[in-house]
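Encoded as structure tokens, the structure appears first; notes follow it.
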Amino acid sequence: QVQLVESGGNLAQPGGSLRLSCAASGFTFSSYAIVWARQAPGKGLEWVSGIYSDGRDTIYDYADSVKGRFTISRDNSKNTLYLQMNSLKPEDTALYYCAKARNSRWPPDYDDIDYWGKGTVVTVSS
């Protein structure tokens with residue numbers, strides 16, 4: 001049974017920082033690409049970031065809107081994915097999801113996602 005449980009969402013000030021976590025279980029965590037996506041209230045789903053390792057190299061992908069501000073990482077010993085968010089902006093306010101991708105392509109498309117977490121809320125406001 002694959003499970004993805006996000007945590008760490010909170011209220012943050014503009015310019016502040018927050019770290020999201022995603023605890024994974026039910027699959028070999030290190031073998032799959034894991035991604036973050038977000039959905040702002042009343043808006044569509046937006047790609048945020050993804051990470052994948054092939055045993056030698058680790059590769060990353062970031063949306064232009066978060067590049068230079070957000071950092072994705074994973075701790076395979078803890079089966080946990082992280083998203084470090086710095087220099088937060090009000091437009092970062094959203095429900096943040098982590099998701100597992102099939103090892104079909106890089107970067108994965110939404111059609112390559114086979115499991116989603118329930119999300120954690122990030123609110124950036126003064």
Side-chain angles (χ1 to χ4, degrees):
Q1 183 180 4
V2 172
Q3 291 187 330
L4 300 165
V5 182
E6 302 95 335
S7 62
N10 212 330
L11 175 66
Q13 300 292 323
S17 297
L18 211 57
R19 189 178 77 158
L20 307 184
S21 299
C22 174
S25 61
F27 65 100
T28 303
F29 181 73
S30 61
S31 299
Y32 294 90
I34 314 293
V35 309
W36 289 99
R38 66 187 183 185
Q39 187 170 29
K43 298 182 180 179
L45 197 64
E46 179 188 14
W47 175 270
V48 176
S49 187
I51 186 169
Y52 174 72
S53 295
D54 65 2
R56 290 188 175 184
D57 301 315
T58 299
I59 54 178
Y60 309 87
D61 186 70
Y62 294 95
D64 289 341
S65 59
V66 307
K67 194 170 297 182
R69 300 189 298 119
F70 291 10
T71 302
I72 191 171
S73 63
R74 67 196 298 170
D75 186 338
N76 291 332
S77 70
K78 298 180 179 180
N79 289 345
T80 301
L81 176 75
Y82 302 99
L83 184 68
Q84 179 65 47
M85 305 185 295
N86 298 325
S87 301
L88 284 164
K89 303 175 180 179
E91 51 263 43
D92 295 319
T93 296
L95 179 63
Y96 283 72
Y97 299 94
C98 70
K100 171 189 173 293
R102 304 180 187 92
N103 288 351
S104 301
R105 73 197 79 193
W106 183 260
D109 199 354
Y110 287 109
D111 289 344
D112 301 313
I113 302 300
D114 55 5
Y115 293 96
W116 295 82
K118 294 182 179 180
T120 186
V121 175
V122 171
T123 302
V124 184
S125 176
S126 300

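In this chain, residues are counted from 1 in sequence order.
Atom CH2 of Trp36 sits about 7.5 Å away from atom OG1 of Thr120, to the nearest 0.5 Å. Between the OH atom of Tyr115 and the CD1 atom of Ile34 there is a distance of 12.0 Å, given to the nearest 0.5 Å. The distance from atom OG1 of Thr123 to atom CG of Asp92, rounded to the nearest 0.5 Å, is 11.0 Å. Here Lys100 contributes atom NZ and Ile113 contributes atom CD1; the two are 8.5 Å apart, rounded to the nearest 0.5 Å.
Grouping the Ile, Leu, Val, Met, Phe, Trp and Tyr side chains by contacts below 4.5 angstrom, directly or via other members, places Val48 with Leu4. By the rule that hydrophobic residues join a cluster once side-chain heavy atoms approach within less than 4.5 Å of another member, Leu81 and Val122 end up as members of one cluster.
Across all non-hydrogen atoms, the minimal contact from Ser104 to Asp112 is CB-OD1, 3.8 Å.
Looking at Gln84, its side chain never comes within 3.5 Å of a backbone N or O of Thr71 through a donor-acceptor pair. For the pair Tyr52 (side chain) and Arg105 (backbone), a donor-acceptor distance under 3.5 Å is absent. Ser87 places no side-chain N or O within 3.5 Å of a backbone atom of Gly15 that could act as its donor or acceptor partner. Formation of a donor-acceptor pair under 3.5 Å by the Tyr110 side chain with backbone atoms of Trp47 is found in this model. A distance-only check finds a donor-acceptor pair linking the side chain of Thr93 to the backbone of Val124 [under 3.5 Å]. Under the 3.5 Å distance criterion, the side-chain polar atoms of Arg102 are left unmatched by any main-chain donor or acceptor of Pro108.
Comment: Asp64 engages Lys67 in a salt bridge, judged by a side-chain N to carboxylate O separation of less than 4.0 angstrom.
Counting heavy atoms from C-beta on, the side chains of Pro14 and Ser126 come closer than 4.5 Å. The closest side-chain heavy-atom distance from Glu6 to Tyr96 is not below 4.5 Å.
Donor-acceptor pairing under 3.5 Å is lacking for the side chains of Glu91 and Ser65.
Relative orientation of the Phe27 and Phe29 rings is tilted, given thresholds of 30° and 60° on the angle between their planes.
Around the OH atom of Tyr32, the shell of radius 6.0 Å holds no more than 12 heavy atoms that belong to other residues, nucleotides or ligands.
Considering Leu18, Asn86, Leu20, Leu83 as possible partners of Phe70, the one that fulfils the side chain to side chain contact (heavy atoms under 4.5 Å, CB included) test is Leu83.
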